K.L.:
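Pasting a structure here, questions to come.
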Amino acid sequence: MDNYVTDYIKKSEENYKLYEFLAQHNKFESWQVVTIFYSALCLAKAYLYSKNIPKNSINSHDCIKGWLAKEKNSRNLNVLYYYENLYRDSRDARYSTKKISKERIKKALENFKEVKQKLIIQ
């Protein structure tokens with residue numbers, strides 16, 4: 001497996017562990033959502049790298065979303081739907097002043113699980 005793939009899988013796991021730590025201590029709900037999203041983002045990058053998408057073409061959120069919409073398997077599984085939900089939640093968590101609810105965190109986790117299940121990396 002390519003180093004980029006394994007490195008981004010590890011980064012995804014690291015981000016998810018931070019979510020678990022924050023959740024366990026019932027702290028920083030906004031950042032719980034952000035870490036869930038970044039865990040999904042790293043999985044998406046690992047997946048796209050595993051499909052031999054050129055490394056210099058996966059360098060922004062828009063690029064990732066574009067490739068998830070174009071790549072056959074992810075397109076057929078509608079991964080972009082779940083990823084975009086996470087992206088919007090993360091943006092709200094980072095830039096909005098409204099409190100992030102436990103229900104929104106739960107929904108973010110559901111979207112993350114969909115992304116993770118659909119983006120199987122071999």
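Just so it is clear, the structure is predicted and the values come from calculations on it, not from any experiment.
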K.L.:
Hey, can you tell me if Y8 and Y4 have their rings parallel, tilted or perpendicular (30° and 60° cut-offs)?
P.N.:
parallel

K.L.:
So which atom in I100 and which in S30 form the shortest heavy-atom distance, rounded to 0.1 Å?
P.N.:
CG1-OG, 3.5 Å

K.L.:
With rounding to the nearest 0.5 angstrom, report the CZ to CZ distance, F21 to F28.
P.N.:
9.5 Å

K.L.:
Using a strict 4.0 Å threshold on nitrogen-to-oxygen distance, state whether K118 and E114 make a salt bridge.
P.N.:
yes

K.L.:
Taking salt bridge (charged side-chain N to carboxylate O under 4.0 Å, His left out) as the definition, give me every residue that meets it alongside K51, ordered by chain and number, with sequence neighbours left out.
P.N.:
none

K.L.:
With a 4.0 Å cut-off on N to O distance, would you call E13 and K10 a salt bridge?
P.N.:
no

K.L.:
Write down the atom of C63, the atom of S57, and the distance for their closest heavy-atom approach.
P.N.:
CB-O, 3.3 Å

K.L.:
Is S96 reaching over with its side chain to a backbone N or O of A93, donor-acceptor style, under 3.5 angstrom?
P.N.:
no

K.L.:
Here's a test for you: under side-chain contact (heavy atoms from CB on, under 4.5 Å), which of L43, I121, I53, L119 qualifies with L48?
P.N.:
I53

K.L.:
Heavy atoms only: give me the nearest A44-I64 pair and the separation to one decimal.
P.N.:
CB-CG2, 3.9 Å

K.L.:
Inspect the contact between D89 and R94 and indicate whether a charged nitrogen and a carboxylate oxygen are less than 4.0 angstrom apart.
P.N.:
no

K.L.:
Indicate whether the side chain of N26 and that of K102 have a donor and an acceptor atom separated by less than 3.5 Å.
P.N.:
yes

K.L.:
Check whether any side-chain heavy atom of H61 lies under 4.5 Å from a side-chain heavy atom of L41, and answer yes or no.
P.N.:
yes

K.L.:
Regarding K65 and the six-membered ring of Y87, is the cationic atom NZ or CZ under 6.0 Å from the ring centre and inside 45° of its axis?
P.N.:
yes

K.L.:
Return the CZ to CZ distance between F37 and R88, rounded to the nearest 0.5 Å.
P.N.:
11.0 Å

K.L.:
I'd like to check R104 versus K98 (side-chain heavy atoms, cut-off strictly below 4.5 Å). Are they in contact?
P.N.:
yes

K.L.:
To the nearest 0.5 Å, what is the distance between CG (L22) and NE2 (H25)?
P.N.:
9.0 Å

K.L.:
List the atom of K70, the atom of R75, and the distance in Å for their closest heavy-atom pair.
P.N.:
O-NH1, 2.9 Å

K.L.:
Do Q32 side-chain atoms and K27 backbone N/O form a donor-acceptor pair below 3.5 Å?
P.N.:
yes

K.L.:
With no hydrogens and no angle check, is any side-chain donor or acceptor of S39 less than 3.5 Å from a backbone partner on I36?
P.N.:
no

K.L.:
For L77 and Y82, which heavy atoms make the closest approach, and how far apart are they?
P.N.:
O-CE1, 4.4 Å

K.L.:
Can you tell whether the side chains of K113 and E110 come within less than 4.0 Å, N to carboxylate O?
P.N.:
no

K.L.:
I need the N15 CG to K17 NZ distance, nearest 0.5 Å.
P.N.:
11.0 Å

K.L.:
Contact between V34 and Y19 at the side-chain level, heavy atoms closer than 4.5 Å - yes or no?
P.N.:
no

K.L.:
Is the backbone of N73 close enough, under 3.5 Å, to the side chain of N76 for a donor and an acceptor to pair up by distance?
P.N.:
no

K.L.:
Does F112 have its ring centroid less than 6.0 Å away from the ring centroid of Y16?
P.N.:
yes

K.L.:
Please report the shortest heavy-atom distance between C42 and K11, naming the atom on each side.
P.N.:
SG-CG, 3.5 Å

K.L.:
To the nearest 0.5 angstrom, please state how far the CG atom of L80 sits from the CG atom of L68.
P.N.:
6.0 Å

K.L.:
Suppose we screen for salt bridge (charged side-chain N to carboxylate O under 4.0 Å, His left out). Which residues come up paired with K116, at least two apart in sequence or across chains?
P.N.:
none

